Number of protein chains: 2
Amino acid sequence: MLHEDVVGRIRAILLDGEIPPGARIPERELCERLQISRTPLREALKVLAAEGLVQLLPHRGSRAAKLTDKDMRDLFEVCQGLEALAGELACERISDAEIGAIAAAHDEMVRHYREGDLIQYYRGNRAIHEAIVAAAGNPALAGLYTSVTARIRRARYVTPMTPQRWALAVKEHEAILNALQRRDGAGLSHILRAHLRHKREEVLQAGFAEMEASDLGLRIA
Amino acid sequence: MLHEDVVGRIRAILLDGEIPPGARIPERELCERLQISRTPLREALKVLAAEGLVQLLPHRGSRAAKLTDKDMRDLFEVCQGLEALAGELACERISDAEIGAIAAAHDEMVRHYREGDLIQYYRGNRAIHEAIVAAAGNPALAGLYTSVTARIRRARYVTPMTPQRWALAVKEHEAILNALQRRDGAGLSHILRAHLRHKREEVLQAGFAEMEASDLGLRIA
DNA sequence: TTTTACATTTTTGAATGCAAAATTTGGGAT
DNA sequence: ATCCCAAATTTTGCATTCAAAAATGTAAAA
């Protein structure tokens, strides 16, 4: 089972920022590193290109996809739409157990907020959004969501999280959980859109910068 | 430039239903037919698998993706979400010229409706929805939309379009155009969701059946 | 007659090889 | 010294080849 892993491993390399956006992807080097020949590597690159993580230039090799400001805005919009949809669907289908799990994750996230642990907060935040998408019970939706968030996360950036913004985000999350518990699909959809719009403004206002693989792992959740 | 076309050609073969859902994809045969070797063909199959049109079974080759009823429902939901998002965005950005073009397409579609030409009606219907997505000015969104609609269209079916349903669809399209012209994003989003929900009910109620490549070309628009 | 074990054939997955295109390098002219 | 053009090298794209896994067919035993 070779080609299965290869896509995942290269995706990880890209997401880790080991190959920075816009940089050439050296086929021969990667072949040696992964101990595979060019055939499965090239197959994997084609798949990743279809996912939008890699750009293929005819006779000029492949590059790690470079996202412009516009690309980021576009992806955020799509992400927003997908999350809003997931929220609506989740409200129709989510089980009490799933709500309980999300509530627990929420409480933990709030704890990290109170402790001022931004990294753990982000992790918890991301887990909640993914749980909502999972609760929608729609694999096709989940797949697209994964793909889109991967592309967004691919472009690393540091967001200057001000206390005000952070407080707002937490407040929005309270509302998100509340809407979920009331199974208020329309309301949740609305809140999620606002939530992500704020996140987007925050990010795009700051611009985004590439970071080293050894960075703190700050990511958009 | 070979590999560019190969994906498109195989996709066309799949969309045309020449290889029915669930059927094995004979590598050797396709190679001879497309006059290419197995390497680019397999690369293309991997890409199509990432798109969801092809299933790859380890050591057992590739099959044309077979969509279950649940898969169809899921895809319709996603399509709905994407169209609703596109509608909202389009209202913010669409130019008068674009609205004019859509209005013209709408009138033509209504003409086909009056003439009872279902096939041409479907064609126009699809063109309108694609124009709205295009007017959203979001290539990432457009790409996902194309992929999702391709998968939906992949599963061919005959919808028993009753006069009532058809009339309702046309009425909804009037509302769609109206909301666009008023640039009422929220309203358009709402209408589009209802529109696609009706379409979905229509389709899933009927179930879907595979048809020959030589069929009438009835497709979900 | 049915079933199971084994050999053959086919097909898949990956490595290698080869031709074409692009990048790099070196030399000469302005 | 700089610019430009051509040869050499590298890299890409595809074809071919090779090994392994699955499918198929056959024969023997129950």
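Computed from a predicted model, the values in this text were never measured in an experiment. Below, read A as the first sequence line, B as the second, and so on, with proteins coming before strands; counting in each chain starts at 1.
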Which donor-acceptor pairs under 3.5 Å do side chains of residues 84-97 of chain A form with protein atoms, sequence neighbours excluded?
unit_1 : atom_1 : unit_2 : atom_2 : d
A:E88  : OE2    : B:R193 : NH1    : 2.8
A:R93  : NH1    : A:A136 : O      : 2.8
A:R93  : NH1    : B:E77  : OE1    : 3.4
A:R93  : NH2    : B:E77  : OE2    : 2.2
A:S95  : OG     : A:E98  : N      : 3.1
A:S95  : OG     : A:E98  : OE1    : 3.3
A:D96  : OD1    : A:R183 : NH2    : 3.0

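Under the 3.5 Å distance criterion, the side-chain polar atoms of B:T146 are matched with a main-chain donor or acceptor of B:A142. Put simply, the side chain of B:D74 never gets that close to the backbone of B:D71: no donor and acceptor are under 3.5 Å apart. A donor-acceptor pair is defined here as one N or O able to donate and one able to accept, closer than 3.5 Å; such a pair exists between the side chain of B:R151 and the backbone of B:E51. Formation of a donor-acceptor pair under 3.5 Å by the A:R154 side chain with backbone atoms of A:L14 is found in this model. Under a 3.5 Å cut-off, the side chain of A:Q35 and the backbone N or O of A:E32 do form a donor-acceptor pair.
Across residues 24-53 of chain A, A:I36, A:S37, A:R38, A:T39, A:P40 each have a non-hydrogen atom less than 4.0 Å from an atom of DNA chain C (numbered order).
The side chain of A:R60 places an N or O atom within less than 4.0 Å of a non-bridging phosphate oxygen (OP1 or OP2) of C:dT23.
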**OP:** Give the intermediate values and the outcome of salt bridge (charged side-chain N to carboxylate O under 4.0 Å, His left out) for residues B:E29 and B:R33.
**Re:** CA-CA 6 Å; B:E29 226 173 90; B:R33 174 165 163 193; over 6 Å; no
Mind listing the N/O atom pairs, protein and nucleotides 5-10 of chain C, below 3.5 Å?
none

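Between the P atom of D:dA20 and the NE2 atom of B:H59 lies a distance of 11 Å, rounded to the nearest Å.
Considering all non-hydrogen atoms of both residues, A:R24 and A:R63 come closest at CG-NH1, 3.3 Å.
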